[in-house]
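Here the structure comes first, spelled out in structure tokens, and everything after it is commentary.
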Amino acid sequence: MDSAQHDCPVCGQPVETIVRRYKTLGAWVPKWVPGPCRNPACATHAESGDAEPVEERPAAAPEAKEPHRVSEAEKS
């Protein structure tokens with residue numbers, strides 16, 4: 001786990017830590033990354049509602065499975 005405090009690369013002020021996630025080996029794994037800078041005097045200042053956008057992914061349609069065909073050998 002990353003417990004280090006993150007700082008803004010432009011102004012050096014501490015920024016909040018946010019959690020992102022990524023998928024590896026079929027499991028979602030958390031990753032702690034620096035959040036947006038809240039210092040109004042900073043060039044990279046983010047307003048309170050200007051957090052990084054969350055990607056909305058469309059739900060994948062379930063795959064249609066073919067019905068199991070019973071062969072003549074399986075019937076007897």
Side-chain angles (χ1 to χ4, degrees):
M1 234 188 299
D2 184 13
S3 62
Q5 182 176 354
H6 298 284
D7 297 326
C8 175
V10 176
C11 68
Q13 294 289 324
V15 295
E16 64 183 342
T17 301
I18 57 175
V19 179
R20 295 282 184 224
R21 62 186 187 139
Y22 62 97
K23 199 168 192 179
T24 182
L25 298 174
W28 288 102
V29 179
K31 181 177 182 180
W32 286 263
V33 297
C37 183
R38 302 287 184 209
N39 181 3
C42 181
T44 61
H45 171 69
E47 295 296 327
S48 60
D50 289 348
E52 295 181 25
V54 176
E55 290 183 25
E56 292 291 330
R57 296 183 185 170
E63 294 182 20
K65 294 183 179 180
E66 292 187 26
H68 178 71
R69 307 261 184 222
V70 179
S71 67
E72 292 298 321
E74 290 177 333
K75 287 182 183 178
S76 32

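Count residues from 1 along the sequence. Below, all heavy atoms of this structure are taken into account, side chains as well, without hydrogens, waters or symmetry copies.
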What one should report as the nearest heavy-atom pair of V15 and P34 is CG2-CB, 3.9 Å

Heavy-atom closest pair (H6 atom, T17 atom, distance to 0.1 Å) is CD2-OG1, 3.3 Å

Joining Ile, Leu, Val, Met, Phe, Trp and Tyr whenever any side-chain heavy atoms lie under 4.5 Å apart, the cluster holding Y22 also takes in V29

For residues 4-17, the salt bridge (Lys or Arg N to Asp or Glu O under 4.0 Å) pairs (sequence neighbours left out) are E16-R38

The side-chain contact (heavy atoms from CB on, under 4.5 Å) partners of P30 (sequence neighbours excluded) come to V19, W32

